[in-house]
Amino acid sequence: MDDFVCTLKAGAVTRVRFTDMKGLSEHLSSISSALFVADENSSYAIPENLSDRCLVLSSGEEHKNYDSLFKIIRKALGLKLSRSSRFVGVGGGVVSDMTAFASSVYMRGAKLTIVPSTLLSMVDASLGGKSAIDFDGVKNLVGTFYPADDVIIVPALLKTLPEGEFLSGLGEVIKHAFLTKDKSLYHFLLENKDGIMARDEETLGKMVELSLKVKKEYIEKDPEEKLGIRSALNLGHTFAHALESITNYEVKHGIAVAWGLEMALAMGVEMAVTPADLKESADGLLSLYGYDTSLRIEKDKVPIFRSYKEKDKKRDSSGVQFITLSGWGRYVKVVPDDNLIAKLVAKV
Ligand code: GLY
């Protein structure tokens, strides 16, 4: 696996680096003025000698709020950090989003390093500069674009990740495999299932690198999601968000995305946009990794699905836009009618 850089703003690059536990420990210990933010699941990754500069937050989306943000800022102030100091977020997407937000507003912007500790955050939240907290029940309502200077990928952190969390991250990786014309990630996933599922560090590192490089293709062209290019990364997400809501978030995000990918491509085939063999490639990969794409929603829940769909932020004046593919790495936005959605997602 090779380090690489991602340019999101003129003069600002994110360096993506790969290392092991020893390298991580040495790197974190070498930062002279820093606050380390973790949660109960990730604090083990921060060396003990740094504990006085470490804030451990409660885990979970329900803590992605102003209280946690204020705790981070108070701790930074207590440590007398300046704007040339570094905020280091070690954890999943909740920790990295909040640490990035705190870093972006502390003295108008401090330095930022993200050490993602879940597969989902390694392949998604860590790169791309999105920072946020939830507010009044609305996810990511308050936030900024603030790319990290460094993203440090430590595949060894995935060794102890619960299976459901691992499969959730893998759902986003599989989605990335179809968002690029270069089929390297697709072939890597087809050929390395054993190493991936055994969590071989080298194999996971390469997979994360290939996956992040797909995300890089989109975010470098549209860093602040203003041109309709970055939003293609939301392939499968309109279906996924609805499924997550209906199931009260019992279906994990990336697992819902894997299902949403299948639905988005089935929709594309029905609308004569997506070639059938592209959908078959996705079916094959999803079933190789054991995702249940046969899941369908009770008929009486479909209206609820529609109402979630309508609340989705991807709605515009012509209706709810869904993303699908017209070829490998060729995204298109479509507005399917409700009968087609019902046909795709409802139990018969
Ligand atoms: N999760 C998609 C993005 O970062 O834009």
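We count ligands from 1, going down the list as the structure has it; atoms in each ligand are counted the same way.
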request  = Give the atoms of ligand 1, by number and element, whose distance to some non-hydrogen atom of Asp124 is under 4.0 Å.
outcome  = 1 (N), 2 (C), 4 (O)
query = Which residue holds the protein heavy atom closest to atom 5 (O) of ligand 1, what is that atom called, and what is the gap in Å?
reply = Arg230 NE, 2.7 Å
query = Is it true that atom NZ of Lys343 has more than 12 heavy atoms of other residues, nucleotides or ligands lying nearer than 6.0 Å?
reply = no
key: Main-chain N/O of Ala100 paired to Asp97 side chain as donor or acceptor, under 3.5 Å   = no
key: Heavy-atom nearest neighbour of atom 3 (C) of ligand 1 within options Glu225, Glu172, Lys130   = Lys130
ask   = Cation over ring, Arg83 on Tyr106, under 6.0 Å and within 45°?
value = no
inquiry  = Using a 4.0 Å cutoff against the non-hydrogen atoms of Lys215, which atoms of ligand 1 qualify?
reply    = 3 (C), 4 (O)
inquiry  = Tell me if the aromatic rings of Phe239 and Phe322 count as close, with their centers under 6.0 Å from one another.
reply    = yes
